[in-house]
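Read the structure below first, then the notes.
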Amino acid sequence: MSQLMTNEQKQPNIQQKISNLVNHKYFTGAILTLIMINAVIVGLETYPSIYKSNKVLFNTIDKVLLWIFTFEIILRIMAEKKLSHFFRSSWNWFDFIIVAAGHIFVGAHFITVLRILRVLRVFRAISVVPSLRKLVDALLLTIPALGNIMLLMSIIFYIFAVTGTMLFADVAPEYFGSLQLSLLTLFQVVTLESWASGVMWPIFNELPWSWIYFVSFVLIGTFVIFNLFIGVIVSNVEKADSANTEEEPDQIAELKNEVRELKQLIINLSNEKGKSQ
């Protein structure tokens with residue numbers, strides 16, 4: 001009986017072999033390389049002179065890549081013990097939808113839709129590389145905390161927009177003529193894109209005290225709020241990394257216990273066999 005168990009351990013089933021294949025670093029590297037090739041092909045298609053003269057070649061390469069990605073998804077499904085296990089992961093759903101959409105819309109007349117779907121395949125680089133997946137998962141964890149920051153930023157924007165409309169509507173109606181224009185102007189200011197030369201200085205020439213309004217908004221809106229964003233994101237990324245490092249020792253300990261139990265079981269079976277003889 002112990003010999004039978006040993007033989008079964010030495011000969012993994014097909015599902016285990018496929019699982020080892022799809023989780024192998026070379027398989028992951030090959031898929032990532034194909035994704036990058038797909039990205040280069042899509043980029044070359046944006047040049048009309050290149051695309052028109054090689055349209056058939058581009059279409060052929062796209063079909064080959066699509067079927068390779070399809071075969072990869074099939075292998076990943078077969079690597080799971082149950083079909084439901086594959087669809088437990090949101091990343092697997094994302095990969096499946098992206099690849100399936102390429103087959104669903106293959107006969108469509110919406111050329112733009114097809115090209116966008118080809119571009120979206122580049123996003124699969126995130127799902128293929130584990131480190132990128134962890135980073136995106138950490139960013140998604142920041143959404144609840146970012147909601148409070150967005151609420152605070154909305155209040156600040158609204159207060160400064162109403163104030164700016166009251167103060168500068170007559171001087172610069174193209175920037176502060178209405179509430180919506182003021183909000184759009186403040187968005188330009190908070191990005192620091194030509195806010196001084198394009199917005200502040202023309203108003204400053206008419207109202208010398210206007211610098212107080214703009215400088216205070218830049219200090220509050222840009223440096224304070226953006227630093228809050230960065231602080232929350234960095235904090236959640238560190239929490240995700242620490243959680244992963246805590247899980248790894250637990251998994252190793254569980255594996256050691258399983259190996260220890262298996263060795264003990266084999267010893268017990270061999271002892272019982274010796275007694276029976």
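When reading the values below, keep in mind they use all heavy atoms of this one structure, side chains included, and skip hydrogens, waters and symmetry mates. Sequential numbering from 1 along the given sequence is applied to the chain's residues. Just so you know, these numbers come straight off a predicted model, no measurement behind them.
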Path from Val99 to Ile37 over hydrophobic side-chain contacts below 4.5 Å: yes
Any residue meeting side-chain hydrogen bond (donor to acceptor under 3.5 Å, both in side chains) with Asp95, in chain and number order, not counting sequence neighbours: Arg76, Arg124, Ser127
Those residues that, when tested against Asn23, pass side-chain hydrogen bond (donor to acceptor under 3.5 Å, both in side chains) (two or more places apart): Ser19
Taking only distance into account, with no hydrogens and no angle test, what donor-acceptor pairs under 3.5 Å do side-chain atoms of residues 220-227 form with protein atoms, sequence neighbours excluded?
residue	atom	partner	partner atom	Å
Thr222	OG1	Val190	O	3.2
Thr222	OG1	Val218	O	3.4
Asn227	ND2	Phe223	O	2.6

Pairing residues for Ala125 by the side-chain contact (heavy atoms from CB on, under 4.5 Å) criterion, not counting sequence neighbours: Leu32, Ile35, Met36
Reported CD1-to-CG distance for the pair Ile61 and Asn54, which is rounded to 0.5 angstrom: 8.5 Å
Qualifying residue for side chain to side chain contact (heavy atoms under 4.5 Å, CB included) with Ile77, from Val22, Leu83, Asn92: Leu83
Sequence-distant partners of Trp91, ring-ring contact (aromatic ring centres under 6.0 Å, His included), two or more places apart: none
ring-ring contact (aromatic ring centres under 6.0 Å, His included) partners for Phe204, two or more places apart: Trp201
Gap between atom CE of Met200 and atom CH2 of Trp195 - 0.5 Å precision: 5.0 Å
Rounded distance [0.5 Å steps], OG in Ser90 versus CZ in Phe94: 10.0 Å
Lys52: partners by side-chain contact (heavy atoms from CB on, under 4.5 Å), with sequence neighbours left out: Pro48
Phe58 backbone acceptor or donor facing Asp62 side chain under 3.5 Å: no
Sequence neighbours excluded - ring pair (Phe, Tyr, Trp, His ring centres under 6.0 Å) pairs with any residue from residues 119-139: none
Over 12 non-hydrogen atoms of neighbours within 6.0 angstrom of CZ in Phe87: yes
Distance-only criterion, 3.5 Å: show the donor-acceptor pairs between side-chain atoms of residues 163-179 and protein atoms not counting sequence neighbours.
residue	atom	partner	partner atom	Å
Thr163	OG1	Ile159	O	2.8
Thr165	OG1	Ala161	O	2.7
Thr165	OG1	Ser182	OG	2.6
Tyr175	OH	Gly198	O	2.9
Ser178	OG	Leu181	N	3.4

Any donor-acceptor pair under 3.5 Å from Ser53 side chain to Ser49 backbone: yes
Atom CD of Gln15: over 12 foreign heavy atoms under 6.0 Å: yes
Approximate separation, where rounding is to 0.5 Å, of Ile73 CD1 and Ile68 CD1: 13.0 Å
Distance, nearest 0.5 Å, that separates OH of Tyr26 from CG of Leu21: 13.5 Å
Val162-Ile155 co-clustered via ILVMFWY side chain contacts under 4.5 Å: no
Gap between atom CG of Asn148 and atom CG of Leu228 - 0.5 Å precision: 11.0 Å
Joint hydrophobic cluster, Leu34 plus Leu44, side-chain heavy atoms closer than 4.5 Å: yes
Shared hydrophobic cluster, Leu75 / Leu66 (ILVMFWY, side-chain heavy atoms < 4.5 Å): yes
side-chain hydrogen bond (donor to acceptor under 3.5 Å, both in side chains) partners of Trp211, counting only residues at least two apart: none
Cluster link Leu192 to Leu184, ILVMFWY, side chain under 4.5 Å: no
Qualifying residues under side-chain hydrogen bond (donor to acceptor under 3.5 Å, both in side chains), relative to His24, sequence neighbours excluded: none
With Phe160 via ring-ring contact (aromatic ring centres under 6.0 Å, His included) - residues at least two apart: Tyr213, Phe217
